[in-house]
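Below is one structure; the comments refer to it alone.
What's counted below: heavy atoms across the whole structure, side chains too, no hydrogens, waters or symmetry copies. Keep in mind that what you see is a predicted model, and the values were worked out from it rather than measured.
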Amino acid sequence: MKFIKFSNCFKNSLKENGALILQVPNGQSPFVGKILYGDFTHQNAFTESSLRQLIKSVEFNDIKVYESTPVPKNIISVIRLFIWKCVRIYLKFLQLIATGSGSGYFSPNIIAVIKK
């Protein structure tokens, strides 16, 4: 897999306590199709779990994953953030009903901070 080769490259390039920040399409998002297929360079989508598995497979242990939410810069983006938080609660509720677990991220992208 290309990502594992890439991971080995950045692992060797990072200094001790260095960090790599990735933003990848979120495979758990109901909006993943727009992100994944909206850019032909995207070949994979990841969930928090699959991203952690990949990173651990190249012997990194320090990974933090975050949801990529709207950034409040002006009144419109503040409104978007508020609406997103409401939609997120609804999506967590639906997932809880469907799977028994309400955990996970639903934004179109997730951000990973990986430290050496």
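Across all their heavy atoms, A19 and V113 have their closest contact at CB-CG1, 4.4 Å. Between V78 and P72, the shortest heavy-atom contact is CG2-CB, 3.7 Å.
No donor-acceptor pair closer than 3.5 Å links the side chain of S68 to the backbone N or O of I111. Side-chain N or O atoms of Q95 include none that pairs as donor or acceptor with a backbone N or O of G102 at under 3.5 Å. A distance-only check finds a donor-acceptor pair linking the side chain of N26 to the backbone of Y105 [under 3.5 Å]. Side-chain atoms of S77 come within 3.5 Å of backbone N or O of N74 as a donor-acceptor pair. A donor-acceptor pair under 3.5 Å is formed between the side chain of H42 and the backbone N or O of I35. Without hydrogens or angle criteria, Q28 side chain to G104 main chain gives no donor-acceptor distance under 3.5 Å. Formation of a donor-acceptor pair under 3.5 Å by the S50 side chain with backbone atoms of F46 is not found in this model.
Side-chain N/O atoms of T47 and S49 include no donor and acceptor closer than 3.5 Å.
There is no path of hydrophobic side-chain contacts, each under 4.5 Å, that joins L20 to Y66. Hydrophobic cluster membership differs between V32 and I110, with clusters built from Ile, Leu, Val, Met, Phe, Trp and Tyr side chains linked at under 4.5 angstrom. Note: the hydrophobic cluster containing V24 also contains L14 (ILVMFWY, side chain heavy atoms under 4.5 Å, direct or indirect links).
One distance of note links CD1 of I63 with CG of L22; it measures 8.0 Å at 0.5 Å rounding. One distance of note links CZ of R88 with CZ of F93; it measures 15.5 Å at 0.5 Å rounding. Rounded to the nearest 0.5 angstrom, S29 OG and E67 CD are separated by 8.5 Å. Once rounded to the nearest 0.5 Å, the distance linking OG of S57 with CZ of R52 reads 14.0 Å. With rounding to the nearest 0.5 Å, the separation of CD in E16 from NZ in K115 is 12.0 Å. To the nearest 0.5 angstrom, I21 atom CD1 is 9.5 Å from I114 atom CD1.
Among T69, I79, I89, the single residue meeting the side chain to side chain contact (heavy atoms under 4.5 Å, CB included) criterion with W84 is T69.
In this structure the side chain of Y90 never reaches within 4.5 angstrom of the side chain of F106, judged on heavy atoms.
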